[in-house]
Number of protein chains: 2
Amino acid sequence: MRQDGRLARGERTRTAVLDQALVLATVSGLDGLSLSQVADALGVSKSGLFAHWRSKLQLQLAVIDHARQQWTDLVIRPALAEPAGVRRLWAAHDRRLAFYEAGTLPGGCFFGNAHFEFNARPGVIRDRLAEEQSAWMTFLTGVATEALDLGELRAGTDPAQLAYLIEALGVCTVMRPEPASFRYARLALHAHLRTVAIDPDNLPEPK
Amino acid sequence: MRQDGRLARGERTRTAVLDQALVLATVSGLDGLSLSQVADALGVSKSGLFAHWRSKLQLQLAVIDHARQQWTDLVIRPALAEPAGVRRLWAAHDRRLAFYEAGTLPGGCFFGNAHFEFNARPGVIRDRLAEEQSAWMTFLTGVATEALDLGELRAGTDPAQLAYLIEALGVCTVMRPEPASFRYARLALHAHLRTVAIDPDNLPEPK
DNA sequence: TATCTTTACGACCGGTCGGTCTTTTTGTTA
DNA sequence: TAACAAAAAGACCGACCGGTCGTAAAGATA
């Protein structure tokens, strides 16, 4: 940081590298990510990357943090802007779908791709990815629990099971990013919420 | 093939290589698959592989075929052994879950991993994987359509949407292969079928 | 047993990878 | 402008990759 408060040169480089690395990692895989390609794509030297991160592993972990930040800004925060309860639950689902429907970043879902990539490969990265996944599921389950506590869902509804359904529908849209997938993902959750919501007619309509 | 009908030496080697390659590809990725590792794991020479497949790409395509054969034997065929209709639809879901619940092959789902790996990488392999995925969805949709035609599902039920739900629940179990996932995946489909089936009490109970 | 085809081996090549090291440039502050 | 620290550059290394080629072994046939 400089005296005038503007971003230092190094900081600008770091975010530029992370942006580029996130895209490349989403396409080529987090492990298939090549530092040479990242450097070439930005027109910088590969050795310079090691001035900012000690190793490829550190850069990979930084990319995960970067992706989570993006996810927080574009999905979680907008959902939290909705009133707690079924509406917030729907918003979490809808914003996630919108995030990938819009193709904000190419190559599909970074977390989904990385999660499948490291599913069977124990290590720091898999643990970190599992944490992120767990945090997301906890968030969904928490919103569902809120809805239950607010009396918007039938007693006996299992928040974790509801969160699981939302997650499943979301993952599948990433796997098959066709218009029909997004429609089905919205219709399916809508149909399910109609069966567990106290006031089915007060649900947001799936577009 | 020899005169006595037993497998020729080359054929035995080919299947051994494909078995090993399928496991390694599931863990390390279909692209991350290393021919050297395959050869070392089997105690054969790497160059020998090129006597059976012209290139790595050809071996990768052969691995896909190998995986599909396994899938056909262990999931599709048992489902087809059930009577057409809702029961067969349930069997397709249940057998798929059982396949991964049992951990038949380590590293999760080959097709799932490979599909996410090549999601954003155009080429022969992605096209081939898309074909396999499409064939599986067509199968599910066909079974659902049968159930509809047999009058076991409410008129107006969308078979493709139902197939999508089944696929979503299945994919999510692969992503999070915990006992709770399999339970949720069965409960969720059961709950949904109860809302669209003509005779909800005739459904198989989820274990 | 002799022959011949299939199959397997091992040395080797060009290329890319992650990572290290030294040097040069750049931007900020005094 | 001079000095200093941060940042970027570029040559280089060992390891591993997919792939080639000439040669040796193994099994079926006669």
Side-chain angles (χ1 to χ4, degrees), chain A residues 1-25 27-64 114 117-118 121 123-125, chain B residues 1-25 27-64 114 117-118 121 123-125:
Chain A
M1 184 70 80
R2 312 187 312 176
Q3 288 183 347
D4 58 10
R6 292 207 325 240
L7 283 181
R9 197 161 45 124
E11 193 58 31
R12 270 185 291 124
T13 302
R14 267 189 288 275
T15 62
V17 168
L18 288 178
D19 282 337
Q20 182 68 56
L22 178 56
V23 171
L24 287 179
V27 173
S28 313
L30 185 52
D31 203 58
L33 177 67
S34 155
L35 301 191
S36 310
Q37 284 179 20
V38 175
D40 288 351
L42 288 171
V44 298
S45 71
K46 180 182 58 171
S47 60
L49 301 182
F50 290 89
H52 299 280
W53 298 275
R54 249 172 299 160
S55 62
K56 179 180 179 178
L57 175 60
Q58 296 303 319
L59 175 58
Q60 288 171 314
L61 294 175
V63 168
I64 295 176
E117 186 181 1
F118 284 88
R121 304 164 74 174
V124 189
I125 293 186
Chain B
M1 183 71 81
R2 313 187 311 176
Q3 287 183 350
D4 58 10
R6 292 205 326 236
L7 284 181
R9 196 161 48 120
E11 194 57 32
R12 271 186 291 125
T13 302
R14 266 189 290 275
T15 63
V17 169
L18 287 178
D19 282 337
Q20 183 67 58
L22 178 56
V23 171
L24 287 178
V27 173
S28 312
L30 185 53
D31 203 58
L33 176 68
S34 154
L35 301 191
S36 311
Q37 283 179 21
V38 174
D40 288 352
L42 288 171
V44 298
S45 70
K46 179 182 59 171
S47 58
L49 301 182
F50 290 89
H52 299 280
W53 297 276
R54 249 172 300 159
S55 64
K56 180 179 180 178
L57 175 61
Q58 296 303 318
L59 176 57
Q60 289 172 313
L61 294 175
V63 168
I64 295 176
E117 185 181 3
F118 283 89
R121 304 165 74 176
V124 190
I125 292 185

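The basis for the numbers below is simple: all heavy atoms, side chains too, and nothing from hydrogens, waters or symmetry mates. Quick note on labels: first sequence line is chain A, next is B, and so on, each numbered from 1.
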Students often get this wrong, so: under 4.0 angstrom with heavy atoms, is [X] touching a base, only sugar-phosphate, or nothing?
| X | value |
| --- | --- |
| L59(B) | nothing |
| G43(A) | sugar-phosphate |
| L42(B) | nothing |

What is the distance from [atom1] of [X] to [atom2] of [N], rounded to the nearest Å?
| X | N | atom1 | atom2 | answer |
| --- | --- | --- | --- | --- |
| W53(B) | dG19(D) | CH2 | P | 13 Å |
| Q58(B) | dG19(D) | CD | C1' | 14 Å |
| R14(B) | dA8(C) | CZ | C1' | 13 Å |
| D40(B) | dG10(C) | CG | C1' | 13 Å |
| L49(A) | dG18(C) | CG | C1' | 11 Å |
| E11(B) | dT6(C) | CD | C1' | 14 Å |
| D31(B) | dC17(D) | CG | C1' | 12 Å |
| L35(A) | dT20(C) | CG | C1' | 14 Å |

Please check the phosphate of [N] (OP1 and OP2 only) for any side-chain N or O of [X] closer than 4.0 Å.
| X | N | value |
| --- | --- | --- |
| H52(B) | dA8(C) | yes |
| T13(B) | dA8(C) | yes |
| S34(B) | dC16(D) | no |

Between the base of dG19(C) and the side chain of K46(A), is there any donor-acceptor pair under 3.5 Å? yes
Go through the N and O atoms of the side chain of S45(B) and the base of dA8(C), and report whether any donor-acceptor pair is under 3.5 Å. no
Among [options], which is the nearest nucleotide to the side chain of [X]?
| X | options | answer |
| --- | --- | --- |
| S36(B) | dG19(C), dA8(C), dC17(D) | dC17(D) |
| S47(B) | dC9(C), dG18(D), dG19(C) | dC9(C) |
| S55(A) | dT20(C), dG18(D), dG19(C) | dG19(C) |
| Q37(B) | dC17(D), dG19(D), dA11(D) | dC17(D) |

Calculate, to the nearest 0.5 Å, the distance between atoms [atom1] and [atom2] belonging to [X] and [Y] respectively.
| X | Y | atom1 | atom2 | answer |
| --- | --- | --- | --- | --- |
| L18(B) | I64(B) | CG | CD1 | 11.5 Å |
| Q20(B) | Q37(B) | CD | CD | 9.5 Å |
| L61(A) | S55(A) | CG | OG | 8.0 Å |
| S34(A) | K46(A) | OG | NZ | 8.0 Å |

Side chains of F50(A) and L35(A), heavy atoms from C-beta outward: is any pair under 4.5 Å? yes
